[in-house]
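Worksheet: the structure to be examined is printed underneath.
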Protein chains: 2
Amino acid sequence: MSSGADAAHMPPDSETKTPERLRRRAGRLLSGVSAQSDRLTNDGLARVNARKWHYAVLASLQEFGPGSQATLSRRTGIYRSDMVSVLNELAERGFVERTLDPDDRRRNVITITAQGRRQLRRLDKILDDLQDELLSPLSPTERDQFVGLLTRLLDHHTQRAPHPPASRP
Amino acid sequence: MSSGADAAHMPPDSETKTPERLRRRAGRLLSGVSAQSDRLTNDGLARVNARKWHYAVLASLQEFGPGSQATLSRRTGIYRSDMVSVLNELAERGFVERTLDPDDRRRNVITITAQGRRQLRRLDKILDDLQDELLSPLSPTERDQFVGLLTRLLDHHTQRAPHPPASRP
DNA sequence: GAACTAACGTTAGAGTCACTAACGTTTATG
DNA sequence: CATAAACGTTAGTGACTCTAACGTTAGTTC
């Protein structure tokens, strides 16, 4: 009707509108929503001086108990080179304790503290709220659908990774 | 049964398994799938010496016709500071032409060439295949659902951005 | 028509993120 | 005992998003 496909003169919204081709691409949609989600969670966690990796480590410790840094690395997907500073931050704040493993003196044993458990509960609450905000346009049923689809996609692409890079840091 | 919740000694899979808490978080699922998708498309496009921004610019030119760099910036979401090198690459390869706008000598007018249109068709094909690979675990109906949900989420969060940062580069 | 404001293309750079390489130390393997 | 492997750690790379500033050109206002 009114939206022109001609290229000669400039229709009013060819200035700002995103091409349909791009809007339909799943990859682009994904990175868009993911970027928005990242922004949301980063901002939300920054308000309590935390980062998303903090949550991953604390949750892992709570669920599986103490472990070495390499173990935590494998459980959370954080590279073991980056794990160092994450644990430094968590230890500074008193959420974990780093002690030498007497049975294997290469290892550090990381343990969650009472404060760490409290912090984990707080972060859980925050992330719940942020997830609510992110998924606010969807009905409860749709949210479940969405999470279900994402889970299947992620599982499929991480079990036997097509390319080796992403599975085991 | 076999998966222990105790923390004292180490059960076999507390070494590698990701905590349930993390696996259910929509934000984490999103960034996981998005990362996988990025890897897929980056690798796929690199095979023909292209990048995803190339596709965005070419698609925009094809759909809305020639435009200034600032216009392309607004249409694609690429910052105008980054648009420079993207257009350099596209011009080097002969996919676009950069000419001074005689009516407004601040502007460059970017035009897609015949080769550019051919390249766009090629990239479209490649991206279709990659999208197929990404969504392979989903049925056609589920793919539509997935894209629909993503679209609604993205639209909701970009129309009136809760935080100003992400909408208009 | 002069002075101010705003948009344009461009360069440089900050900050974050996923990821690799290499090191010294310690434990397992042959 | 020698070699290889896993650990924690440091440093650094490359990509990506985003900000700041500059010179140039165009509208706007008096």
Side-chain angles (χ1 to χ4, degrees), chain A residues 15-16 27-28 31-32 34-39 41-43 45-46 51-53 56-57 67-74 76-91 96 98-110 158 161 163-169, chain B residues 10 15-16 28 31-32 34-43 45-46 50-54 56-57 67-74 76-91 96 98-110 161 163-169:
Chain A
E15 282 298 308
T16 54
R28 198 176 164 89
S31 57
S34 171
Q36 207 67 28
S37 161
D38 281 354
R39 241 183 287 271
T41 61
N42 285 338
D43 291 0
L45 291 178
R51 314 186 188 202
K52 65 180 169 167
W53 293 128
V57 170
S68 72
Q69 300 188 187
T71 299
L72 291 176
S73 220
R74 284 182 285 260
T76 56
I78 309 173
Y79 278 70
R80 71 182 208 269
S81 37
D82 300 326
M83 180 63 73
V84 180
S85 67
V86 173
L87 291 178
N88 285 343
E89 293 171 1
L90 287 173
V96 302
R98 218 205 228 112
T99 60
L100 265 160
D101 186 343
D103 297 349
D104 185 341
R105 303 219 312 280
R106 294 172 298 183
R107 288 181 163 95
N108 289 336
V109 177
I110 313 298
T158 44
H163 302 272
S167 42
R168 292 295 135 70
Chain B
M10 292 185 174
E15 282 298 308
T16 54
R28 198 176 164 90
S31 56
S34 171
Q36 208 66 28
S37 161
D38 281 355
R39 239 183 290 270
L40 224 56
T41 61
N42 286 338
D43 291 1
L45 292 178
R51 314 185 187 199
K52 65 180 169 166
W53 293 128
H54 295 187
V57 168
S68 71
Q69 300 188 186
T71 299
L72 291 176
S73 220
R74 285 182 285 260
T76 56
I78 309 173
Y79 277 71
R80 71 181 209 270
S81 37
D82 301 325
M83 181 62 73
V84 179
S85 67
V86 173
L87 290 179
N88 285 343
E89 293 171 1
L90 287 173
V96 303
R98 219 205 225 111
T99 60
L100 265 160
D101 186 343
D103 297 349
D104 184 342
R105 302 219 310 282
R106 294 171 300 182
R107 287 180 163 95
N108 289 335
V109 176
I110 312 299
H163 301 272
S167 42
R168 292 294 135 67

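Lettering follows sequence order; numbering is per chain, from 1. Source: prediction; values computed, not measured.
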For a quick test of reading the model: is some side-chain N or O of [X] closer than 4.0 Å to OP1 or OP2 of [N]?
{"X": "Arg39(B)", "N": "dC19(C)", "result": "yes"}
{"X": "Arg98(B)", "N": "dC8(C)", "result": "no"}
{"X": "Asn108(A)", "N": "dT9(D)", "result": "yes"}
{"X": "Trp53(B)", "N": "dT17(D)", "result": "yes"}
{"X": "Arg80(A)", "N": "dG8(D)", "result": "no"}
{"X": "Gln69(A)", "N": "dT9(D)", "result": "yes"}

Rounded to whole angstrom units, what separation is found between the [atom1] atom of [X] and the [atom2] atom of [N]?
{"X": "Leu100(B)", "N": "dG9(C)", "atom1": "CG", "atom2": "P", "result": "10 Å"}
{"X": "Asp38(A)", "N": "dC18(D)", "atom1": "CG", "atom2": "C1'", "result": "15 Å"}
{"X": "His54(B)", "N": "dA15(D)", "atom1": "NE2", "atom2": "P", "result": "12 Å"}
{"X": "Leu87(A)", "N": "dC7(D)", "atom1": "CG", "atom2": "P", "result": "14 Å"}
{"X": "Asn42(B)", "N": "dT17(D)", "atom1": "CG", "atom2": "P", "result": "10 Å"}
{"X": "Met83(B)", "N": "dC18(D)", "atom1": "CE", "atom2": "P", "result": "14 Å"}
{"X": "Arg107(A)", "N": "dA5(D)", "atom1": "CZ", "atom2": "P", "result": "16 Å"}
{"X": "Ile78(A)", "N": "dG8(D)", "atom1": "CD1", "atom2": "C1'", "result": "15 Å"}

What string of B, S and - do you get for nucleotides 25-30 of chain C 5' to 3' if you count protein non-hydrogen atoms under 4.0 Å?
-BS---
Consider the side chain of [X], meaning its heavy atoms from C-beta on, and name the nucleotide among [options] that approaches it most closely.
{"X": "Ser81(A)", "options": "dC19(C), dA18(C), dG9(C)", "value": "dC19(C)"}
{"X": "Val84(B)", "options": "dT11(C), dT17(D), dC7(D)", "value": "dT11(C)"}
{"X": "Tyr79(A)", "options": "dC8(C), dC19(C), dT17(D)", "value": "dC19(C)"}

Could you report the tightest heavy-atom contact between [X] and [Y], atom names first, then the distance?
{"X": "Arg105(B)", "Y": "Pro102(B)", "value": "CG-O, 4.1 Å"}
{"X": "Thr76(A)", "Y": "Ala56(A)", "value": "CG2-O, 3.6 Å"}
{"X": "Asp82(B)", "Y": "Ile78(B)", "value": "CB-CG2, 4.0 Å"}

Is any side-chain N or O of Asp82(A) under 3.5 Å from a base N or O of dC17(C), one able to act as donor and the other as acceptor?
no
Between Asn108(B) and Thr99(B), is any pair of side-chain heavy atoms under 4.5 Å apart?
no
To the nearest 0.5 Å, how far apart are OG in Ser34(A) and CZ in Arg39(A)?
10.0 Å
Are Val57(B) and Met83(B) close enough, and set up right, to give a side-chain contact (heavy atoms from CB on, under 4.5 Å), and what steps lead you there?
CA-CA 9 Å; Val57(B) 168; Met83(B) 181 62 73; 3.9 Å; yes
Determine, step by step, whether Val86(B) and His54(B) satisfy the side-chain contact (heavy atoms from CB on, under 4.5 Å) criterion, reporting the C-alpha distance in whole Å, the side-chain angles of both residues, the deciding distance to 0.1 Å, and the verdict.
CA-CA 7 Å; Val86(B) 173; His54(B) 295 187; 4.1 Å; yes
Side chain to side chain contact (heavy atoms under 4.5 Å, CB included) with Gln69(A): of Arg74(A), Arg98(A), Arg80(A), only one passes, and it is Arg98(A)
